[in-house]
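To start, the structure itself, in structure tokens.
Counting starts at 1 for both ligands and their atoms, following the listed order.
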Amino acid sequence: MTASRRVVAAGYGGPENLEVHEVVLGEPGSGQVRVSVRAAGVNPADVKSYRNQGDPSRLPLPLGYEASGVVTAVGPEASVSVGDEVIVFRTSGAYATDLVVDESTLTPKPEGLDWPEAAGLLLAGATAVHTLEATGVAAGDTVLVHGAAGGVGLNAVQLAPLRGARVIATAGERNHDLLRELGAEPVRYGDGLADRVRALAPDGVDAALDLVGTDEAMDVSLELVADRDRIASIANFDRGPREGIRLLGGGPGADAGDELRMAARPELARLAGAGDLRVLVAATYPLSEAADAHRQIATGHTTGKIVLLP
Ligand SMILES: NC(=O)c1ccc[n+]([C@@H]2O[C@H](COP(=O)([O-])OP(=O)(O)OC[C@H]3O[C@@H](n4cnc5c(N)ncnc54)[C@H](OP(=O)(O)O)[C@@H]3O)[C@@H](O)[C@H]2O)c1
């Protein structure tokens with residue numbers, strides 16, 4: 001038995017509902033391992049999971065889908081060993097000091113990544129892979145990425161050129177130098193976006209990825225991309241189902257893509273470990289300050305990943 005501290009939503013609403021609770025973990029069973037968490041990735045979905053009133057019987061709600069850490073115990077027939085450095089994704093309740101998880105959620109942590117980078121890699125990275133696969137991005141394509149400076153966006157911006165595509169990336173002005181450094185052509189979002197993109201790509205845009213969920217991202221994508229199968233959204237669950245585009249993720253009418261996302265893990269780890277995919281960590285917070293981390297991610301203007309340190 002091991003005591004673990006974990007962050008939960010004790011009620012529905014804002015980050016003031018977050019509390020640190022102590023729980024006792026059982027020994028890992030067959031196919032399970034215990035992991036001592038070194039870092040846990042924060043995602044907008046964590047905030048959304050308790051923002052609206054929900055079923056009171058689900059409280060307290062464990063938070064967090066991804067972490068990095070060290071294996072501290074293994075169940076029968078485990079194929080990993082105590083001391084192995086791993087990334088855990090996808091699990092639930094990753095905002096914790098210790099976790100017992102299925103071995104199937106583990107990816108070996110590449111040596112080239114530190115703990116926060118490793119914790120922030122896979123949810124955003126696998127989502128980005130899903131958007132590129134769903135829209136068939138390939139060599140010679142020009143791709144418009146809305147929300148390019150966010151956790152998912154920075155992955156899409158780096159992964160699309162590895163497929164031979166050119167990236168036009170929307171972001172606030174302060175993120176343009178970073179996007180240029182990553183090989184993308186940044187444009188400011190807001191009024192006149194379609195014209196600014198046309199000026200950069202007079203021959204047209206082949207695919208668009210809406211990673212922000214605004215009406216502008218949807219409207220400009222529909223205006224500039226002829227084939228709706230080559231427009232993906234991970235965030236506009238209001239209009240996505242009506243517009244005939246590829247709606248991706250866990251929501252009504254969306255393609256969850258679980259298998260594809262899980263299959264993307266080894267290659268994402270390889271690319272990141274080799275330095276071919278950068279994980280940009282915007283800030284780290286102690287586990288006990290998860291509420292502040294949630295206030296930050298909820299601004300919708302974080303550049304890169306927010307990570308919690310137990
Ligand atoms: N369906 C799925 O499977 C799935 C998976 C992961 C994430 N998501 C969703 O996808 C969205 C993005 O996730 P994330 O982790 O990348 O979020 P994030 O890290 O918080 O990034 C948000 C980014 O959006 C940009 N942004 C804000 N307003 C914008 C606008 N009007 N136009 C263009 N860009 C704008 C910001 O850039 P500036 O600072 O430059 O404004 C910021 O970098 C969230 O809604 C999240 O819940 C869905």
(request) With sequence neighbours excluded, tell me which residues meet ring-ring contact (aromatic ring centres under 6.0 Å, His included) with Y50. (result)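 ring-ring contact (aromatic ring centres under 6.0 Å, His included) check on Y50 returns H294.
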
(request) Tell me, please, which residues at least two apart from P186 pass side chain to side chain contact (heavy atoms under 4.5 Å, CB included). (result)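 Partners of P186 under the side chain to side chain contact (heavy atoms under 4.5 Å, CB included) test: H176, L179, R180.
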
(message) Quick one about T72 and R34 (side-chain donor to acceptor, distance below 3.5 Å, no hydrogens or angles considered), yes or no?
(response)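 T72 and R34 do have a side-chain donor-acceptor pair below 3.5 Å.
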
(message) Between R163 and E133, does any NZ, NE, NH1 or NH2 come within less than 4.0 Å of an OD or OE carboxylate oxygen?
(response)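 A salt bridge is present here (some side-chain N lies under 4.0 Å from a carboxylate O).
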
(request) Among residues two or more places apart or on two chains, list those pairs meeting ring pair (Phe, Tyr, Trp, His ring centres under 6.0 Å) that have a residue in residues 137-173. (result)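 For residues 137-173, and leaving out neighbouring residues, there are no ring pair (Phe, Tyr, Trp, His ring centres under 6.0 Å) pairs at all.
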
(message) I want to check a possible cation-pi pair here: R90 against Y65, using under 6.0 Å from ring centre and within 45° of the ring axis as the test.
(response)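 Relative to the ring axis of Y65, which defines the angle, R90 lies inside both limits.
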
Give a table of atom pairs where an N or O of ligand 1 lies under 3.5 Å from a protein N or O.
unit_1   : atom_1 : unit_2 : atom_2 : d
ligand 1 : 1 (N)  : I234   : O      : 3.0
ligand 1 : 1 (N)  : L248   : O      : 2.8
ligand 1 : 3 (O)  : R261   : NH1    : 2.8
ligand 1 : 3 (O)  : R261   : NH2    : 3.0
ligand 1 : 16 (O) : G151   : N      : 3.1
ligand 1 : 16 (O) : V152   : N      : 2.9
ligand 1 : 19 (O) : G151   : N      : 2.9
ligand 1 : 39 (O) : R174   : NH2    : 2.9
ligand 1 : 39 (O) : N175   : ND2    : 3.4
ligand 1 : 39 (O) : H301   : ND1    : 3.4
ligand 1 : 40 (O) : G172   : N      : 2.7
ligand 1 : 40 (O) : N175   : ND2    : 2.9
ligand 1 : 41 (O) : Y189   : OH     : 2.4
ligand 1 : 41 (O) : H301   : ND1    : 2.7
ligand 1 : 43 (O) : A149   : O      : 3.4
ligand 1 : 43 (O) : G150   : N      : 3.0
ligand 1 : 43 (O) : T302   : O      : 2.9
ligand 1 : 45 (O) : K48    : NZ     : 2.8
ligand 1 : 47 (O) : K48    : NZ     : 2.6

